[in-house]
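A quick write-up on the structure given underneath.
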Amino acid sequence: MAELWDLYDASGALSGKTMERGLPTPAGYFHLIVHIWLVAADGSLLIQQRNKPGNSTHGFWAPTAGSVTAGEDSRTGAVRECAEEVGIDLNPESLSFHEREFIEDFIQDVWIAPWDGDLQNIRKDPGEVLAVRSVSWSELMELADAGEFIPYGDAYFRRLKSALRV
């Protein structure tokens with residue numbers, strides 16, 4: 001069965017309509033994606049190398065991220081994506097909302113959540129994730145500067161750095 005996404009209007013409200021993953025987003029509507037920045041007590045960040053053959057993000061490093069499915073809210077989608085992609089079961093209340101941004105035909109919600117910092121506990125989904133690593137903020141910026149991280153842009157990283165207080 002095809003994955004369905006809820007459609008949102010330009011104010012970010014649910015429209016009552018859905019779309020099938022892989023089809024073009026109807027004009028005037030948006031679908032919801034989430035980024036989840038997993039942060040260890042020492043400030044290190046869990047990132048993953050995307051395994052999306054045929055997708056522009058294949059091979060790039062990124063936070064845990066994905067599309068929110070129909071019927072889910074942003075927080076629920078973030079918890080599900082972490083469980084599916086890296087095997088981390090988050091307490092929904094542990095997530096802190098960082099920001100919402102409208103980009104082209106999607107809404108991007110960014111969440112920050114604590115992580116135990118132990119790479120041994122990661123259970124990556126090989127269909128989604130090639131590799132995982134724990135990085136400091138400076139290592140993350142080195143990957144971004146080298147073009148190895150999804151290019152979210154300087155403004156995104158400035159806002160994130162401020163929220164993380166690194």
Whichever hydrophobic residues join [X] through chains of side-chain contacts under 4.5 Å:
X      : value
Trp115 : Tyr8, Leu14, Phe30, Leu32, Val34, Ile36, Leu38, Leu46, Val68, Val79, Val86, Ile88, Leu90, Leu95, Phe97, Phe102, Ile107, Trp111, Leu119, Ile122, Val129, Val132
Leu4   : none
Leu130 : none

How many angstroms lie between [atom1] in [X] and [atom2] in [Y], if you round to the nearest 0.5 Å?
X      : Y      : atom1 : atom2 : result
Arg75  : Ser96  : CZ    : OG    : 8.0 Å
Glu139 : Arg133 : CD    : CZ    : 6.5 Å
Ser134 : Ile47  : OG    : CD1   : 8.5 Å
Asp125 : Asn51  : CG    : CG    : 8.5 Å

For [X], check side-chain contact (heavy atoms from CB on, under 4.5 Å) against everything at least two apart and list the hits.
X      : answer
Asp118 : Asp116, Gln120, Asn121
Asp145 : none
Thr25  : Leu7, Met19, Tyr29, His31, Asp105

Closest non-hydrogen atom pair between [X] and [Y], with its separation:
X      : Y     : result
Asp109 : Ser74 : OD2-OG, 2.8 Å
Tyr152 : Ala62 : OH-CB, 3.9 Å
Thr18  : Ala70 : CG2-CB, 4.1 Å
Gly147 : Phe60 : O-CE2, 3.2 Å
Asp9   : Ser11 : OD1-OG, 2.6 Å
Gly77  : Glu72 : CA-OE1, 3.5 Å

Taking the side chain from Gln49 and the backbone from Gly59, do they hold a donor-acceptor pair closer than 3.5 Å? yes
Does Asp89 use its side chain to pair, donor to acceptor, with the backbone of Ala83 at less than 3.5 Å? no
Asp154, CG atom: more than 12 neighbouring heavy atoms under 6.0 Å: no
Linking I/L/V/M/F/W/Y whenever any side-chain heavy atoms sit under 4.5 Å apart, do Ile112 and Met141 land together? yes
Test of understanding: clusters of I, L, V, M, F, W, Y form through side-chain heavy atoms closer than 4.5 Å, transitively. Do Phe149 and Leu160 belong to the same one? yes
Short N-O contact, Glu85 and Arg50, less than 4.0 angstrom: yes
Hey, are Arg159 and Glu101 close enough for a salt bridge, meaning a charged N less than 4.0 Å from a carboxylate O? yes
Taking it one step at a time, do Ser44 and Ser136 satisfy side chain to side chain donor-acceptor pair (under 3.5 Å)? CA-CA 5 Å; Ser44 62; Ser136 66; over 6 Å; no
Would you please indicate if the ring centroids of His35 and Tyr156 are separated by under 6.0 Å? yes
Is it true that the side chains of Glu3 and Trp5 contain a donor and an acceptor less than 3.5 Å apart? yes
Identified side chain to side chain donor-acceptor pair (under 3.5 Å) partner of Thr64 from the options Glu84, Gln48, Glu81, Glu128: Gln48
